[in-house]
Undergrad: 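The structure follows.
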Amino acid sequence: MQLAKRLDGIGEYYFSQKLREIDELNKQGKNIINLGIGSPDLPPHPEVIKILQEESAKPNVHAYQSYKGSPVLRKAISAWYKKWYNVELNPDTEVLPLIGSKEGIMHICMTYFEEGFFVLVPDPGYPTYSSAVKLSGATPVYYDLLEENNYYPDFDELEKIVRTSSQKVKGIFVNYPQMPTGQLPTKELFEKLVTFARKHNILIIHDNPYSFILNTNPMSILSVSRANDCVIELNSLSKSHNMAGWRVGMLCGAKEKIDEVLRFKSNMDSGMFLPVQLAAARALALEQDWYEQVNTIYNKRREKVFQLLDTLNCEYSKDQAGLFVWAKIEKRFKNCYECSDQVLHTAYVFITTGGIFGSAEEKYIRVSLCATEEKIEEARQRVINN
Ligand SMILES: Cc1ncc(COP(=O)(O)O)c(C=O)c1O
């Protein structure tokens with residue numbers, strides 16, 4: 001059967017391929033230490049689990065749910081945004097629960113983009129942005145985030161792309177704290193982005209899943225004045241609340257944008273299981289001590305990752321937020337693929353190659369903090385001994 005043309009240029013997701021290779025090695029008894037993926041290994045708060053258990057034992061919670069999500073979850077999202085980002089969102093109209101923010105990326109692309117349009121995508125950046133743009137029929141145009149520019153966009157470059165493009169630039173993906181570089185945003189950066197987007201009538205899609213990880217000042221681009229005109233923000237409980245497998249995310253923005261995305265989304269899926277939504281609402285009400293506890297653990301792990309990177313003679317900044325450490329590899333390696341393959345096949349440790357996040361990133365690797373300190377130390381010992 002011939003595949004649909006929209007799949008041209010869309011390969012299998014890197015991790016789905018790589019995990020098969022790791023499975024093979026594990027079957028051969030290699031016991032791979034996986035420092036590749038940002039899937040939190042710690043559990044959610046016990047209260048969150050308790051609500052899921054109690055609610056799912058009730059007889060009347062198993063029906064289809066509203067496409068717009070439970071009012072309890074929408075109110076919790078709105079209160080969370082007010083408390084931590086100082087952003088006011090109407091829970092009835094400006095919030096849309098999602099089955100993870102990854103699906104939201106696709107919904108937004110299918111709602112707004114199509115053949116004949118360009119969408120700006122960060123390089124380096126989360127690979128799903130460009131896949132979703134391509135699947136929508138639009139064309140991704142990459143903008144550079146360079147180390148010497150603090151991994152911020154060069155606004156002159158953005159202006160030039162918009163001015164010289166043969167097709168209308170309709171959207172821009174932005175993500176701070178940035179994955180994979182760990183760069184934090186500033187209010188000034190968000191303001192500049194909003195000014196740029198308003199000037200050119202471009203939709204900003206800000207993807208914000210890492211703002212609570214190793215960061216004490218979570219920021220939302222929606223806090224910038226008039227951002228509502230041109231911004232949709234995605235957020236997620238996957239990383240901040242250790243709920244990656246639960247699939248709970250959210251989309252926030254002006255009422256008309258929520259309604260527009262819902263027009264697509266309501267044709268694709270249905271509301272989440274109610275007990276999951278109620279438990280997620282509880283997670284969003286957790287206090288400061290939750291984030292502190294989680295970050296204390298990530299902080300210690302990060303120290304271990306720094307030691308591992310020192311053993312590999314990498315260069316890195318200690319000021320990174322999010323679930324990873326981004327590091328420049330030693331010059332003796334031709335590129336990140338050689339470095340990652342060598343570590344995988346000699347020390348049996350999996351580290352992600354920077355190259356999957358952009359064409360210019362072949363000198364970098366990304367190490368995940370989603371493994372215990374003991375595992376990271378064991379990985380370091382294996383590297384030393386091989
Ligand atoms: C930058 C970025 N955005 C979005 C996601 C997807 O998160 P979710 O679990 O909410 O779909 C990830 C997951 O790794 C990510 O790194």
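The analysis underlying the following values was restricted to heavy atoms, covering all of them including side chains, and did not include hydrogens, waters or symmetry mates. Note that the numbering runs from 1 along the sequence shown for the chain. Note that ligands are numbered from 1 as they come in the structure, with each ligand's atoms numbered from 1 the same way.
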Undergrad: Looking only at side chains, do D310 and Y316 share a donor and an acceptor under 3.5 Å apart?
TA: yes
Undergrad: Is E378 salt-bridged to R382, cutoff N-O under 4.0 Å?
TA: yes
Undergrad: As an exercise, state the distance from CG of D289 to NE2 of H45, rounded to the nearest 0.5 Å.
TA: 6.5 Å
Undergrad: Taking atom types as modelled, find out whether Y85 and S211 have a side-chain donor-acceptor pair closer than 3.5 angstrom.
TA: yes
Undergrad: Report all N/O contacts between ligand 1 and the protein shorter than 3.5 Å as a table of atom names and distances to 0.1 Å; if there are none, say 'none'.
TA:
from	atom 1	to	atom 2	distance (Å)
ligand 1	3 (N)	D207	OD2	2.5
ligand 1	7 (O)	S101	OG	3.3
ligand 1	9 (O)	S238	OG	2.6
ligand 1	9 (O)	R247	NH1	2.9
ligand 1	10 (O)	S101	N	2.8
ligand 1	10 (O)	S101	OG	2.8
ligand 1	10 (O)	S236	OG	2.7
ligand 1	10 (O)	S238	OG	3.4
ligand 1	11 (O)	S101	N	3.2
ligand 1	11 (O)	K102	N	2.8
ligand 1	11 (O)	R247	NH2	2.7
ligand 1	14 (O)	K239	NZ	2.8
ligand 1	16 (O)	Y210	OH	2.7

Undergrad: Tell me, yes or no, whether the heavy-atom count around E256 atom CD, taken from other residues, nucleotides or ligands under 6.0 Å, exceeds 12.
TA: yes
Undergrad: Report yes or no: is the cationic atom of K168 (NZ for Lys, CZ for Arg) closer than 6.0 Å to the six-membered ring centre of F117, at no more than 45° off its axis?
TA: no
